[in-house]
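To start, the structure itself, in structure tokens.
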Amino acid sequence: MPLVVYNTLSRKKEDFKPIAEGRVRMYVCGPTVYDYSHIGHAKTYVAFDTIARYLRWRGNAVRYVQNITDVGHLLDTGEDRILKGAARERVEPMEIVERYTRAYFEDMDALGVQRPDISPRASAHVPEQIEIVKTLIEKGSAYEADGSVYFDVSSFPAYGKLSGRKIEELEDGTRETVRGEKRHPEDFALWKSAAPEHILRWSSPWGWGFPGWHIECTAMSTKYLGETFDIHGGGVDNIFPHNECEIAQSEAATGKPFANYWLLTGSLTVDGVKMSKSLGNFVTIKDLLKKHRPEAVRFFVLSGHYRSPIDFSSEALEAAGKGWERLTAPAFAVRERLRSPDLPAGSDAAMLKVAEEARAAFVSAMDDDFNTPLAMAGLFDFNKIINTLLNGDAPILRGTLEAIDSFYRETGGQVLGVIPEKASSAANGEREAGLIRLLIELRAEARKRKDFAAGDSIRKRLADLGVTLEDGKEGTTWKL
RNA sequence: GGCGACGUCGCCAAGUGGUAAGGCAAGGGUCUGCAAAACCCUCAUUCGGCGGUUCAAAUCCGCCCGUCGCCUCCA
């Protein structure tokens, strides 16, 4: 069964065939680093991280490029976002860039998002951007006007093919203020001239200025992935104008298709409405992680399909946290069992078959346009069987436990990233674990004496510290 | 106004022609010194509404109602 993906360009599901078999080149629009990352970023980048992880797990060599926008992305007031941040915090623009780039990676690391293979910065690729602008002028797709350069949309008939817009319809909605020196209101800037007060500016054939927002993605994606590559990703809210402009300028410059598959994530709302600073419902990843474990955030994101919109609320995240506990409990329990030195050798054929079937169900779900909700449902089904097995009296053979463990590690661990390596990631190392085991032993002795008051007191006080004890057939286990 | 996505149990969410997965919450039971966890049972004759196509529709078509996103910066 082939991997099938929904291609926004064709508006239907297609078999995924990379240009070079076994190699996938993907580009995802990255953040503009002028403030802390928010939960919308979390949704988009966890989704693409999972897609990249799955493609790798399926045996592809993936090159994942995700830009860092540190220049040229303007607010509707015409101000550069980076410069605005610098003025707000009274520091150099590049300090802003550095500060929020680091914060971005901290947040992504916390969420288990594996770093892209290349994270190119727009400001470090200005020469490449200038070259493309020159090419576009030579080919008659762009024109200079008073030190700025604009893309001539009328020169590219396919403009609108991704977002389904028509040029004629766009004219009406365009505001007077942005017309100015453009020939057509829907033309967009490739290069903007900048006065000396504008700190972020470079010398170009058209004088001092800075690159337009869209051109960086063309420059950096084609530089590292080639003129035509496999997957272009991003949030659906960038489909217009950003993605549309990328296609126009890239294909006009190279004369070749830009990206073969467009994968766009659904947007995220908070309590039913779009997140925005003015509404006061802006949630940063840092704030979120103060209250919730990172795996719960990942679980929340992956419990909806990447193309669907999701609505964030505290209740939803708490439910996700509980779901995550149930999802991971048997996986950790199996690992705990495997630490036992005297497990009977061999394996149970029926259980190996169950694990094989679960793996097949997982692959079939993920092969269908990365259907993570369905894939996780499959893990829950598998859990039911494993929980029953763990609760039973029959001894479990080492080979069986190993097969179960490797299933969890691959699907929940390597691909979905919701089952971490260590059962208690929040635990403070071995010393803390040792102390807890010591208390468990003391409690066991008290209970042997039927001194339940002492035993319950230990359990209660550990619970107050966030450590939950669970008494089972194999003794007491703990979790945070 | 235009473009797009969507409306499935109290909440979240799969399913896109063959007779409604899974999670959270809720109720009952088993186990337990008591818990917790786990397991078992219950929980949508029904998929926004109305028509149509079909042997058969949540799934296809039409109309209507509603929600969200984009059209100006956003992942």
Side-chain angles (χ1 to χ4, degrees), chain A residues 8 11 13 28-32 35 37-48 66 69 73-79 81 160 163-166 168-170 172-175 177-178 186 213 233-242 244 264-269 272-277 299-300 303-305 307-311 313 315-327 329-330 333 361 365 368 371-381 383-384 386-392 447 450-453 455-456 459-460 463 468-473 476-479:
Chain A
T8 301
R11 307 227 173 252
K13 286 184 180 177
V28 174
C29 290
T32 302
D35 204 343
S37 306
H38 52 69
I39 51 179
H41 295 113
K43 169 171 162 59
T44 297
Y45 299 127
V46 164
F48 283 109
Q66 184 192 97
T69 297
H73 198 166
L74 305 184
L75 292 161
D76 52 3
T77 55
E79 284 175 289
R81 285 167 179 273
S163 58
R165 278 163 226 270
K166 296 182 180 65
E168 313 85 67
E169 289 165 356
L170 290 169
D172 311 330
T174 312
R175 298 161 307 164
T177 51
V178 298
E186 60 284 356
W213 171 37
V236 72
D237 34 353
N238 266 338
I239 189 170
F240 189 89
H242 181 60
E244 198 66 62
L264 302 178
T265 57
S267 51
L268 177 142
T269 51
V273 291
K274 174 126 191 175
M275 184 167 55
S276 76
K277 285 189 172 164
F299 182 98
F300 171 70
S303 64
H305 187 89
R307 276 192 286 121
S308 302
I310 55 173
D311 185 47
S313 65
E315 301 76 52
L317 209 61
E318 255 156 56
K322 285 179 184 162
W324 176 81
E325 281 185 36
R326 252 176 76 72
L327 180 77
D368 185 11
N371 193 332
T372 54
L374 187 61
M376 291 208 291
L379 292 192
F380 277 107
D381 289 337
N383 275 1
K384 198 165 227 176
I386 301 309
N387 278 324
T388 304
L389 180 73
L390 290 169
N391 280 338
R447 292 173 71 213
K450 302 274 184 213
D451 184 359
F452 295 119
D456 288 350
R459 181 172 61 191
K460 171 73 167 58
T468 309
L469 298 190
E470 291 171 5
D471 298 331
K473 284 199 171 70
T476 302
T477 56
W478 61 277
K479 62 181 188 185

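In what follows, every chain begins at residue 1, and chains take the letters A, B, ... in the order their sequences are listed.
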Pair assignment for [N], Watson-Crick or G-U wobble, requiring both distances under 3.5 Å:
N: B:A21; answer: none
N: B:A44; answer: none
N: B:A38; answer: B:U30
N: B:G4; answer: B:C68
N: B:C50; answer: B:G62

What does [X] touch in the nucleic acid at a heavy-atom separation under 4.0 angstrom: a base, only the sugar-phosphate, or nothing?
X: A:Ser37; value: nothing
X: A:Asp311; value: nothing
X: A:Gly30; value: sugar-phosphate
X: A:His242; value: nothing
X: A:Thr477; value: nothing
X: A:Gly234; value: sugar-phosphate
X: A:Thr265; value: nothing

Which residues share a salt bridge (Lys or Arg N to Asp or Glu O under 4.0 Å) with A:Lys274, sequence neighbours left out: A:Asp237
[N] versus [M] - spacing of their [atom1] atoms, nearest Å:
N: B:U59; M: B:A38; atom1: C1'; result: 37 Å
N: B:G62; M: B:G69; atom1: C1'; result: 25 Å
N: B:A57; M: B:U16; atom1: C1'; result: 10 Å
N: B:C9; M: B:A21; atom1: P; result: 14 Å
N: B:U19; M: B:G10; atom1: C1'; result: 26 Å
N: B:U8; M: B:U46; atom1: C1'; result: 9 Å
N: B:G1; M: B:A44; atom1: P; result: 40 Å
N: B:C41; M: B:U54; atom1: C1'; result: 38 Å

Nearest 0.5 Å please: distance from the [atom1] atom of [X] over to the [atom2] atom of [Y].
X: A:Leu469; Y: A:Lys460; atom1: CG; atom2: NZ; result: 12.5 Å
X: A:Phe48; Y: A:Lys43; atom1: CZ; atom2: NZ; result: 9.5 Å
X: A:Arg307; Y: A:Thr265; atom1: CZ; atom2: OG1; result: 11.5 Å
X: A:Phe452; Y: A:Arg447; atom1: CZ; atom2: CZ; result: 7.0 Å

Tell me the interatomic distance from [X], atom [atom1], to [N], atom [atom2], rounded to whole angstroms.
X: A:His38; N: B:A75; atom1: NE2; atom2: P; value: 6 Å
X: A:Leu327; N: B:C12; atom1: CG; atom2: C1'; value: 15 Å
X: A:Arg447; N: B:G33; atom1: CZ; atom2: P; value: 8 Å
X: A:Lys13; N: B:U16; atom1: NZ; atom2: C1'; value: 8 Å
X: A:Asn383; N: B:A37; atom1: CG; atom2: C1'; value: 13 Å
X: A:Phe452; N: B:U32; atom1: CZ; atom2: P; value: 13 Å
X: A:His305; N: B:A14; atom1: NE2; atom2: C1'; value: 11 Å
X: A:His41; N: B:A75; atom1: NE2; atom2: P; value: 4 Å

hbond_proxy A:Arg459 side chain to B:C34 base (donor-acceptor, 3.5 Å cutoff): yes
Nearest heavy atoms of A:Leu390 and A:Ala333, plus distance in Å: CD1-CB, 3.8 Å
Phosphate-side-chain proximity, A:Thr468 and B:A35, N/O vs OP1/OP2 below 4.0 Å: no
Distance test, side-chain N/O of A:Asn391 to OP1/OP2 of B:C39, below 4.0 Å: no
Sidechain-backbone polar pair: A:Ser303 side chain, A:Phe300 backbone, donor-acceptor under 3.5 Å: yes
Short side-chain to backbone donor-acceptor contact, A:Asn383 and A:Pro330, under 3.5 Å: no
Polar atom pairs between nucleotides 68-70 of chain B and protein, under 3.5 Å, N or O only, would you list them?
unit_1 : atom_1 : unit_2   : atom_2 : d
B:G69  : OP1    : A:Lys274 : N      : 2.9
B:C70  : OP1    : A:Lys274 : NZ     : 2.6
B:C70  : O2'    : A:Arg165 : NH2    : 3.1

Per-nucleotide protein contact string for nucleotides 21-30 of chain B (B base, S sugar-phosphate only, - none; heavy atom under 4.0 Å): BSSSS-----
Upstream residue (5' side of RNA chain B) when A:Glu325 and A:Gly304 are each assigned their closest nucleotide: A:Gly304
A:Tyr45 side chain, from C-beta outward: closest of B:C34, B:A36, B:A75: B:A75
Side chain of A:Thr44 - closest among B:A35, B:G4, B:A75: B:A75
Parallel, tilted or perpendicular: rings of A:Phe380 and A:Phe299 (30°, 60°): perpendicular
